[in-house]
Every structure is written in structure tokens, then in C-alpha cells.
Amino acid sequence: MPTLSIAVIGSGVIGRTLASCFSQAGHTVTFGARNPSDADLAEAAEQIGATVGAVNAAIEAADVVVWAIPGGAMPEAIPAAAAYLDGKVAIDATNRVGEPRLHSLDLIAEHAPGAHAYRAFNSVGWENFADPHYGEVTGDLLYTGPDGPSREIAETVIGATGLRPVRVGDNDKATLVDNVAALWFALAFDQGMGRGVGFKVLTR
């Protein structure tokens with residue numbers, strides 16, 4: 001897989017951690033920001049070898065768009081970017097906490113039907129992207145999305161974190177990945193296992 005151009009929309013700890021992983025894996029990374037002149041973000045981007053641009057400009061120039069903004073902002077963000085998402089691999093890493101549905105795949109399908117949408121990066125904490133190893137075991141990341149050429153791109157992006165991508169199915173299975181997120185919260189916080197808890201799919 002050649003080097004990808006990845007736009008990361010969101011500059012919180014999840015967005016910055018993922019951007020660092022993508023850059024370290026050799027991909028070209030641009031933060032799409034509402035305020036591209038933000039000095040703190042510019043400094044953080046420089047430290048990881050990324051750049052900063054306006055949201056739609058970053059999306060337009062990218063092969064892959066990773067949405068890592070607060071989930072509640074997606075109903076406004078997706079329509080505003082829809083014209084630039086056609087043909088892109090769009091990965092929804094957001095969680096719309098407190099709403100009936102955690103993901104925003106329906107918004108992407110409605111406003112940008114030409115995008116190749118995937119659900120990933122939402123079911124574990126950012127600590128698992130920063131360090132995907134659990135002793136001698138490497139963790140897995142469950143995701144959903146279409147099969148075909150775009151799947152290889154999505155799995156390359158997921159694999160840049162070091163986690164093994166495990167496809168659950170098409171996006172009609174996205175709720176299963178969201179249920180894994182609920183399980184992660186229960187184990188990490190309710191059961192006191194900590195934010196570094198991860199998952200591994202075992203087969204015979």
C-alpha cells in the first residue's frame with residue numbers, strides 16, 4: 001500500500017494520538033481545523049511531522065478522512081464537509097454519547113453517499129493506539145465497512161496504530177462495534193481495569 005494522505009478532523013487527545021501513529025507509519029497527515037492558525041496545534045503538528053489546514057481544504061487533499069471530533073458535533077460537521085468527501089475513505093471514530101446511536105454513519109451516507117464510510121477507533125481508549133501491545137500480545141481493533149479496494153486502505157490506516165484490524169462486517173453491523181465500546185467502558189471504569197484495557201479475537 002503506498003503512502004496515504006490522511007486528514008484528521010479533531011485535535012484532542014484521540015486525534016493527536018492517531019495523527020502521530022499515522023505520521024510515524026510514513027503517511028502524510030494534515031489536521032483539519034476550524035482555526036488553522038492555532039499556535040498550540042501548529043506546534044503539536046510540527047512535533048509529529050504533520051501540518052495544519054482548514055477543514056475542507058484538508059479533506060479535499062486527502063485520501064482518507066478520520067473524524068475524531070466530539071460526536072455531538074457530527075450533525076453540523078458532516079453536511080458542511082459533504083461536498084469534499086466524495087470518493088474518500090471516511091472513518092467515523094466519534095461516539096455520540098447519550099444519544100440512541102453512537103455512530104454517525106447514517107449522516108455520512110445521507111450527505112456524502114459517494115464516500116466509503118467505515119466505523120473504527122471508537123471502541124477503545126487512545127492509550128491503546130499509543131501502545132497496542134499487552135505483554136507479548138498485540139491487540140485487535142474491530143471495525144465495520146464495505147469490502148473491496150477501500151477496505152485495504154481502511155485496514156492500512158488502522159494497522160498504522162499497530163493494532164490488528166478485524167472486520168465485523170458491513171456497516172449494518174456497526175452497532176456491534178459500538179457495543180464493544182460499551183464493554184470497554186464497563187471494564188475500564190466499572191471493573192477498574194483501567195483505560196489501557198484492550199481486546200483480542202482468538203480463532204482456531
Side-chain angles (χ1 to χ4, degrees), residues 1-96 102-122 126 129-130 143-146 148-161 165 171:
M1 175 62 65
T3 299
L4 297 170
S5 176
I6 304 174
V8 176
I9 313 303
S11 57
V13 66
I14 294 174
R16 294 189 188 198
T17 302
L18 289 174
S20 179
C21 292
F22 303 152
S23 181
Q24 289 177 32
H27 301 295
T28 301
V29 181
T30 301
F31 285 103
R34 288 182 295 179
N35 179 15
S37 61
D38 181 275
D40 175 70
L41 179 56
E43 181 180 355
E46 183 178 4
Q47 289 176 352
I48 64 173
T51 58
V52 182
V55 172
N56 287 342
I59 293 172
E60 187 174 25
D63 305 305
V64 181
V65 183
V66 177
W67 294 94
I69 61 177
M74 289 291 274
E76 178 181 351
I78 294 299
Y84 303 92
L85 286 170
D86 189 55
K88 312 292 185 182
V89 171
I91 300 178
D92 178 14
T94 70
N95 283 322
R96 295 169 68 173
L102 286 180
H103 65 78
S104 294
L105 296 172
D106 54 335
L107 284 171
I108 298 173
E110 177 185 357
H111 295 282
H116 308 286
Y118 288 82
R119 179 63 161 156
F121 299 126
N122 70 298
W126 64 268
F129 310 137
Y143 79 96
T144 64
S150 60
R151 175 181 175 180
E152 183 179 359
I153 295 173
E155 291 196 344
T156 296
V157 175
I158 293 169
T161 66
N171 283 328

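None of the values given here were measured: they were computed from a predicted structure.
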For Asp38, which residues count as a salt bridge (Lys or Arg N to Asp or Glu O under 4.0 Å) partner, sequence neighbours excluded?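 Not a single residue meets the salt bridge (Lys or Arg N to Asp or Glu O under 4.0 Å) criterion with Asp38.
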With Arg151 via salt bridge (Lys or Arg N to Asp or Glu O under 4.0 Å) - residues at least two apart: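 Asp147, Glu155.
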Side chain to side chain, [X] and [Y], heavy atoms closer than 4.5 Å:
X: Val64; Y: Ser5; result: no
X: Pro75; Y: Arg96; result: yes
X: Thr144; Y: Tyr118; result: no
X: Val157; Y: Ile6; result: yes

Any chance the side chains of Thr156 and Glu152 put a donor and an acceptor closer than 3.5 Å?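 Side chains of Thr156 and Glu152: no pair found under 3.5 Å.
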Under 3.5 Å side-chain donor-acceptor pair for Ser37 and Asn35: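 Note: Ser37 and Asn35 side chains meet the donor-acceptor criterion.
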Over all atoms of both residues, closest heavy-atom pair of [X] and [Y]:
X: Pro146; Y: Ala117; result: CD-O, 3.2 Å
X: Val8; Y: Ala19; result: CG2-CB, 4.1 Å
X: Arg119; Y: Ala93; result: NH1-C, 3.9 Å

Considering residues at least two apart in sequence or located in another chain, which fulfil the side chain to side chain contact (heavy atoms under 4.5 Å, CB included) criterion with Thr17?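 Side chain to side chain contact (heavy atoms under 4.5 Å, CB included) list for Thr17, sorted by chain: Val13, Trp126, Phe129, Ala130.
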Partners meeting side chain to side chain contact (heavy atoms under 4.5 Å, CB included) with Pro113 (sequence neighbours left out):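 Counting only residues at least two positions away or on another chain, Pro113 forms no side chain to side chain contact (heavy atoms under 4.5 Å, CB included).
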Would you check if the side chain of [X] reaches a backbone N or O of [Y] as a donor-acceptor pair within less than 3.5 Å?
X: Asp92; Y: Ser104; value: yes
X: Thr28; Y: Thr3; value: no
X: Tyr143; Y: Phe121; value: no
X: Ser23; Y: Ile48; value: yes

Can you list every side-chain hydrogen bond (donor to acceptor under 3.5 Å, both in side chains) pair that touches residues 40-53, not counting sequence neighbours?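 Only Arg16-Asp40, Thr30-Thr51 qualify under side-chain hydrogen bond (donor to acceptor under 3.5 Å, both in side chains).
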Got a sec, which pairs hit side-chain hydrogen bond (donor to acceptor under 3.5 Å, both in side chains) with one end in residues 61-89, sequence neighbours left out?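 Checked against side-chain hydrogen bond (donor to acceptor under 3.5 Å, both in side chains) - neighbours excluded - no pair reaches residues 61-89.
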To the nearest 0.5 angstrom, please state how far the [atom1] atom of [X] sits from the [atom2] atom of [Y].
X: Thr94; Y: Leu102; atom1: OG1; atom2: CG; result: 8.5 Å
X: Cys21; Y: Ile158; atom1: SG; atom2: CD1; result: 12.5 Å
X: Ile108; Y: His103; atom1: CD1; atom2: NE2; result: 10.0 Å
X: Ile78; Y: Leu85; atom1: CD1; atom2: CG; result: 6.0 Å
X: Ile91; Y: Leu105; atom1: CD1; atom2: CG; result: 11.0 Å
X: Leu41; Y: Arg34; atom1: CG; atom2: CZ; result: 12.0 Å

